[in-house]
Asker: 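Quick one: this structure, given as structure tokens, is what I'll be asking you about.
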Amino acid sequence: MSQQEVESRKIFITRISKGFAGLAVLMALPGNFIAKTKNRFSGIKVNVHPNAVKRNK
Amino acid sequence: MSTDKGNKNYWKSINEYNDDNSLKEAKHHEFMNGVTDEFEPDQLSGISRRKFLAVLGASTAFAATACSDYADKGEIVPYTKRPEEILPGIANYYASTCTGCSNSCSTLVKTREGRPIKVDGNPDSPINKGKLCTKGQSSILSLYDPERLQEPLLKGRKISWAKINGEIVTALKTASDSGKEIAVITDEMTSPSYNKILNELSQKYSTLKIYSYKQFNQKTRFDAWEASFGTRVVPSVKFNESKIILALESDFIGKEGNFVENARLFAQGKDVVANKKMSRLYSVEGGMSLTGMNSDYRLRLRPDNQFDFVLALIDEVSARLNKPTNGIPKVTMNSFVAKNNLNEKTVKYLVDDLVENIDTSIVHAGDTLSVELHKAVNVLNSLLSGNKLYDFNNSFVEIRKLTSLNDLKTLAANSELGALIIVDSDPIYHYPNIFEDAFKNVQTKIAIVNSKNDSSAVCDYILPINNALESWGDHQVRSSVVSLQQPVIAPIFNTRQKEAILLSWINDTAEVFDSSYHAYLQSSVKELFYDLQKPSADFSKYWLSVLHDGIIELESEKLSGRLSQFSLEKPAKTTSEYTVHIQESYFVSDGRFANNGWLQEVPHPVSKVTWDNYAAVSPGTAKSLEVENGDVIKLTSGGRVLEIPVMLQPGLADNHFTIETGYGRKVVGDVGLEVGFNANILFDSTFIFGIDQVSKTGKNYKLASTQEHHALDDDFVKDFHKSRHIIQEGTLEEYLTNPEFLKEHKHDVFSITDDIEYKGNKWAMAIDLNKCIGCAACTTSCNVENNVPVVGKDQVENGREMHWMRIDRYYSGTPEEPIPSNQPMLCQHCDNAPCENVCPVNATNHSPDGLNQMAYNRCVGTRYCANNCSFKVRRFNFFDFRDHFENEYYNNDLTQLVNNPEVTVRSRGVMEKCTFCIQRIMDARSEAIKEGRELHTDEVKTACQVACPSEAIVFGDSNDPNSKVAKMRDHNLGYHVLEELNVRPNVTYIAKLRNTHSEEN
């Protein structure tokens, strides 16, 4: 392998590694953070009325 | 236009009738204008390949991270302490009452995990018999409206109940002690217990006066009945036993009286499958109503001429029967017919039919007509059937007489009002000309309402009340039935029952407890009904029993009507060239449902317009005014001005406008805001009045109508017959002479593939077009059951409304005298479905029990199936409509509670369509397996079938020879739409028969 080919292979591997490292950093972020900021538990409580009388269909 | 046998041309709109070029052009394109995007490769910006790949890689990395938990909907957490009544996955049912209008239909509410998800009619009710109208079905969305009032407010700031109550009681005492009037404006009274509370309140505060009103009511009918018969107990009409029905400006199956009951009774008279007899309906009206659309004969007559028409009928009928009438002004029929350009033959048929069927003829006048006209109709009916067609055991009762408009005007003029209390009503919106600025100087203004409205906007004290599904109540609108209301869910917010609020003022208690009204209601029911009926069980058992059933049946007084002598006065007639008729909206009612997306989006049953109102005008008048659809006109009457777009409506009387109210509200949630035009501005004292001036404004307004989407009946595809036989009709006489007349044009259709044998259940549906009135209760019930999203006006304009069930409306005849035909259209679940073969991912397939199935998570959204569907019933989610509609208005934790957990909520990019309520089929099947039996005949009922008030829809197993659907499938009048395509639809339509005279046939 010539010196030029070795150099270009080194650059190629360096760039790919940097890309994967960046991906790993991003994926390490709390994955649910973006989705969950939108949906928050609002605390709507649903209760049956105690004096209501149910029936058959 | 398509042609049918007998040279009958079918058309769906004025544009189509006139062979409008733009419509012809539109029919050749699959998509509406502006929907497809133009792609210009030359206009792409320059970017190198390297940069493109780098950006692509980075964005993929971001997307992968962000999508790691896409659309997190929270967690499903099991109960640690399960409420006794709730079994997860099993529905509970409660009987209650709908308060959407003053019919107070008894309901059966389905709840899941403690929250209501579906409201249907109570099958035990003798009045509505398990049926509920469109408004009742959709009312459940109001419970989950995110803009409901949640806390008491004082000048816009939150305040506790105890504090606000304390201030109000002090203010009321001050007003009463100083002798100033305390005005209570409330909705029409249907509850005896609520009425009792108001009476007690007026005893507590001596200057308190109660004004009970409803914009559209039956007051003129009651007043006329009292003048004619001396009582205000008005019997209902036995439409099922009537052979000849004459409807004068009466929409008795659309929106007047108890139209759910009327539709059922009317449909019984049109049940040609069960018995080969039919009633005959004549409709005489200025506008085109639902009743007019279902009539056998129709006469166009402006409503200001109706009184003379009734006098002419009395003159003619009394002469023929030799029963002279005194004190009735004389109008001769011949002169009337000539003057008003009526069809002589139709009028002759009408008079002949009334006279020849004297015991089974009934004349029914509309609620918006005058008292004098109703009195004249009472005279006419006494000449005909007398009391025979009145059901006195099932009379309408008035809990409290409605306040007259004059009294409301007196109230508005009272500048010395001490306090104003508005309870569950909106007088400022309904009568802006009376109440605008009327209450500026009133010191204490209190609004007790469910959500903000024009009237609450002027009030300082706003007390939020429970939704109907969170409330107790009793409702008596008929002499023999009381409907009870119970809360199917505990109040979600810090709201109270309106009766409990008033009770706290009577009892001087600072805090408001709903339980106080619960106790009061029990004692009231005991006093009014239990002590009267004297049953053997003690009251606690009786109470549980009536709450369970939802109704109390009473023995009503045996009344009958005997016409007393009176005279008639001709009401003053307008001299204006144009008249207008202000009417109630079919779905939005008087505006109370303006914030309900489902009701705004259901197409108008006649015009198929959504999200707006308009001034309907005849094509002839539109031509003379030089206006077209959408042109905005200015109507002026008595100094009142309204600008509103025009809609060309075939069949309207000339020089006449009909406008529905309920739109144009200024103080309402985001859904109803800036929707439509407030026609109440034009209203003065009567619903029918003259217009001084009509002028064009030069503006145009787009009306979103569904009637020109989904054009099926075009002859663009040359390989098929020109006439598609989508609507097949005949006359009763034709059917009686030759029961197989429908089969004459049929030909054998063969398949090149082997037929698949369906063993076991094979689900099918049959729709009787004689009974279908086009009310769209089926559409709404389907929307609620199947979580169909609201898309908004802009998407409806693009043809993207998501209704699984639609009512197609065709016209034949001419624009002046159209003959409408309705046809509910839904997925036909074809055995040779054209949609199934073309799906590239096999997302749609056929089940062993005959259903065309849809796997949402397989669908990739090529839309090839919708392209291939011959019936255009497949709906595509172009957006996630929960996010897309009104800036995510319905995408909140509260509104999501309305979703039926048994049905998938579809997201963007997925095709959906009618599933024949597969969740109900599976539910019934699992119950049958649990009990170790087969499914009973007709056990499974789809949502549309349950809702249909006229029982036009039948669903069941076509392999079961005892099932109704199997019998209708084999009926002589049964046909399939586009049968010649050999797609083998599983929906059978029973051809409509018109009961016309033999000379016409």
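Every chain is numbered from 1, with letters handed out A, B, ... down the list of sequences.
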Asker: Please classify the contact between Glu470(B) and chain A as side chain, backbone, both or neither, with a heavy-atom cut-off of under 4.5 Å.
Answerer: neither
Asker: Check this for me, if you would: do Glu902(B) and Lys118(B) make a salt bridge, where the nitrogen-to-carboxylate-oxygen distance has to be below 4.0 angstrom?
Answerer: no
Asker: Which one of Leu108(B), Ile86(B), Leu897(B) has the most heavy-atom pairs closer than 4.5 Å to chain A?
Answerer: Leu108(B)
Asker: Quick check on Pro487(B) against chain A: is it the side chain, the backbone, both or neither that has a heavy atom closer than 4.5 Å?
Answerer: both
Asker: So for Trp472(B), is it side chain, backbone, both, or neither that comes closer than 4.5 Å to the heavy atoms of chain A?
Answerer: side chain
Asker: Within the structure provided, determine whether Leu143(B) and Arg148(B) are in side-chain contact (heavy-atom separation under 4.5 Å).
Answerer: yes
Asker: What pairs with Glu147(B) under salt bridge (Lys or Arg N to Asp or Glu O under 4.0 Å), at least two apart in sequence or on another chain?
Answerer: Lys452(B)
Asker: Please list, chain by chain and in numerical order, all residues satisfying side chain to side chain contact (heavy atoms under 4.5 Å, CB included) with Gln945(B), sequence neighbours excluded.
Answerer: Lys941(B), Thr942(B), Ile953(B), Phe955(B)
Asker: Would you mind telling me which of Asp514(B), Asn892(B), Asp124(B), Ile492(B) has the largest number of heavy-atom pairs within less than 4.5 Å of chain A?
Answerer: Asp124(B)
Asker: Side chains of Asp145(B) and Tyr889(B) only: does a donor on one sit below 3.5 Å from an acceptor on the other?
Answerer: yes
Asker: Less than 4.5 Å to any heavy atom of chain A: does that hold for the side chain of Asn122(B), its backbone, both, or neither?
Answerer: side chain
Asker: Do Cys98(B) and Leu132(B) have side chains that get closer than 4.5 Å, going by heavy atoms?
Answerer: yes
Asker: Checking heavy atoms, do the side chain of Glu85(B), its backbone, both or neither come under 4.5 Å from chain A?
Answerer: both
